[in-house]
Q: 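Handing you this structure, nothing more for now.
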Amino acid sequence: MSVNNPKLNNKYIDEIICILKPYIYPENQKRSLRTNFTQARELMQSLGSPQKNFKAIHIAGTSGKTSTAYYISSMLIQAGAKTGLSISPHVDNLTERIQVNGQPLKAGKFLVLLKRFMELLKSKDIDAPGYFVLLYCFSIWALAELQVEYAVIETGMGGTFDAT
């Protein structure tokens, strides 16, 4: 079966969702006074600061973040740079959140990277962050693993304590 097989992709997506489901409302998040930003910073430091492996363009604002991120990503790709894109939320499925050169990761690749990332967290005994922080940190780690030159990062809810 090929990775482009819809049934196989659905299997991958189902497994991805199963892995991420406990992080939507982790028990320890309810009691945590740490902000999303603090959680993300601590997690990124424990991962060796993968965000330092590429140049980043951080998109924030009230409206138009996703389209602006796509425009900038497209310009970098046209200039010949290997470009990552991290957006939130996704429209159709989770794999849209991490893109390389304008293409969402294939579900199988996303799953392989997610499993490696989760094993890394487990090996470092890192407390479970919330869903957004986990996906944001995973996307940055994955883009570093995929060796992009530039990453266009869309902010989450914005503001001083946003995880991005």
Side-chain angles (χ1 to χ4, degrees), residues 1-56 58 69 82-101 103-164:
M1 273 188 159
S2 109
V3 173
N4 293 326
N5 182 312
K7 287 184 180 180
L8 189 55
N9 280 336
N10 287 341
K11 179 183 170 207
Y12 290 145
I13 297 296
D14 289 346
E15 191 170 349
I16 290 166
I17 291 168
C18 187
I19 290 169
L20 294 173
K21 193 172 185 175
Y23 296 90
I24 294 174
Y25 298 108
E27 195 59 37
N28 66 341
Q29 186 183 9
K30 294 176 188 171
R31 293 186 295 272
S32 175
L33 297 177
R34 295 180 306 152
T35 64
N36 283 344
F37 177 74
T38 302
Q39 288 179 7
R41 184 181 61 216
E42 290 170 359
L43 181 52
M44 298 303 276
Q45 286 173 344
S46 70
L47 295 170
S49 299
Q51 73 279 9
K52 293 182 179 181
N53 292 327
F54 49 74
K55 295 175 183 147
H58 192 202
K82 185 174 182 182
T83 303
L85 176 64
S86 174
I87 61 164
S88 176
H90 57 277
V91 176
D92 290 319
N93 71 58
L94 280 161
T95 63
E96 294 170 32
R97 290 179 181 244
I98 303 173
Q99 300 183 30
V100 176
N101 287 342
Q103 298 298 313
L105 292 184
K106 289 190 169 39
K109 181 68 171 179
F110 190 100
L111 179 59
V112 167
L113 287 169
L114 181 61
K115 284 181 175 182
R116 283 184 43 214
F117 180 75
M118 299 307 288
E119 282 299 316
L120 187 59
L121 295 186
K122 188 177 178 182
S123 74
K124 293 182 177 288
D125 197 30
I126 296 171
D127 287 338
Y131 182 76
F132 179 77
V133 173
L134 180 77
L135 282 176
Y136 165 68
C137 292
F138 167 63
S139 69
I140 298 304
W141 175 86
L143 291 173
E145 288 292 302
L146 296 166
Q147 300 179 335
V148 300
E149 296 173 69
Y150 289 89
V152 181
I153 312 296
E154 180 183 1
T155 194
M157 294 297 287
T160 304
F161 301 113
D162 181 78
T164 65

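We number each residue from 1, following the sequence as shown. All values below come from the heavy atoms of this structure, side chains included, with hydrogens, waters and symmetry mates left out. Remember, it's a predicted structure, so these values are computed and weren't measured experimentally.
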Q: Side-chain contact, heavy-atom cut-off 4.5 Å: L134 with M118?
A: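 Heavy-atom side-chain distance check passes, below 4.5 Å.
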Q: Might you point out which heavy atoms bring A69 and L85 nearest each other, and give the distance in Å?
A: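 The pair with the smallest heavy-atom distance is CB-CD1, 3.7 Å.
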Q: Above 12 or not: heavy atoms from other molecules or residues under 6.0 Å from CD of Q147?
A: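 At most 12 heavy atoms, drawn from other residues, nucleotides or ligands, come within 6.0 Å of this atom.
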Q: What are the two closest heavy atoms between S88 and F132, and how far apart are they?
A: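 Where S88 meets F132 most closely, the heavy atoms are OG-CE1, 3.5 Å.
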Q: Which pair of heavy atoms, one from A151 and one from F54, lies closest together, and at what distance?
A: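 Closest heavy-atom pair between A151 and F54: CB-CE1, 3.4 Å.
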Q: Quick check: closest heavy atoms across S123 and L120, and the distance to 0.1 Å?
A: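 The answer is OG-O, 2.8 Å.
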Q: To the nearest 0.5 Å, tell me how far S139 OG sits from L113 CG.
A: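 Interatomic distance, S139 OG to L113 CG, rounded to 0.5 Å: 11.5 Å.
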Q: Could you grab the distance from atom CD1 of I16 to atom CG of L94, nearest 0.5 Å is fine?
A: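 If we round to the nearest 0.5 Å, I16:CD1 and L94:CG are 6.5 Å apart.
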Q: Should L47 and L121 count as side-chain neighbours, where that means a heavy-atom distance under 4.5 Å?
A: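 L47 vs L121: side chains touch.
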Q: Report yes or no: does K115 contribute a side-chain atom to a donor-acceptor pair with the main-chain N or O of I19 at less than 3.5 Å?
A: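 No; judged by distance alone, with no hydrogens or angles, the pair does not exist.
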Q: For residues T95 and K106, determine if any side-chain heavy atom of one lies less than 4.5 Å from a side-chain heavy atom of the other.
A: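 Not in contact.
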Q: Taking side chain to side chain contact (heavy atoms under 4.5 Å, CB included) as the criterion, tell me which of L114, L43, V133 meets it with F138.
A: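 Running side chain to side chain contact (heavy atoms under 4.5 Å, CB included) over L114, L43, V133 with F138 returns exactly one hit, L114.
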Q: Working to the nearest 0.5 Å, report the span between OG1 of T83 and OH of Y150.
A: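 Those atoms lie 8.0 Å apart.
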Q: Of the non-hydrogen atoms in Y131 and H90, which two are nearest, and what is the gap between them?
A: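 Result for this residue pair: OH-CE1, 4.4 Å.
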Q: Please report the interatomic distance CE(M44) to OH(Y136), rounded to the nearest 0.5 Å.
A: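 The OH atom of Y136 is 5.0 Å from CE of M44, to the nearest 0.5 Å.
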Q: Would a 4.5 Å heavy-atom cut-off, applied to side chains only, mark P104 and R97 as touching?
A: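 Side chain of P104 against side chain of R97, heavy atoms only: no contact under 4.5 Å found.
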Q: Measure the acute angle between the ring planes of F117 and W141, then classify it against the limits of 30° and 60° as parallel, tilted or perpendicular.
A: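 Tilted, since the angle between the ring planes falls between 30° and 60°.
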Q: Rounded to the nearest 0.5 Å, how far apart are OG of S86 and NE2 of H58?
A: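 These two atoms lie 9.0 Å from each other.
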Q: Whether the side chain of E96 engages the backbone of I87 through a donor-acceptor N/O pair (distance < 3.5 Å, no angle test) should be reported.
A: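 No; zero donor-acceptor contacts below 3.5 Å.
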Q: Is any side-chain heavy atom of L105 closer than 4.5 Å to a side-chain heavy atom of V100?
A: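 L105 reaches V100 side chain to side chain.
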Q: Taking the side chain as C-beta and beyond, is there a heavy-atom pair between Q51 and I153 under 4.5 Å?
A: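 Not in contact.
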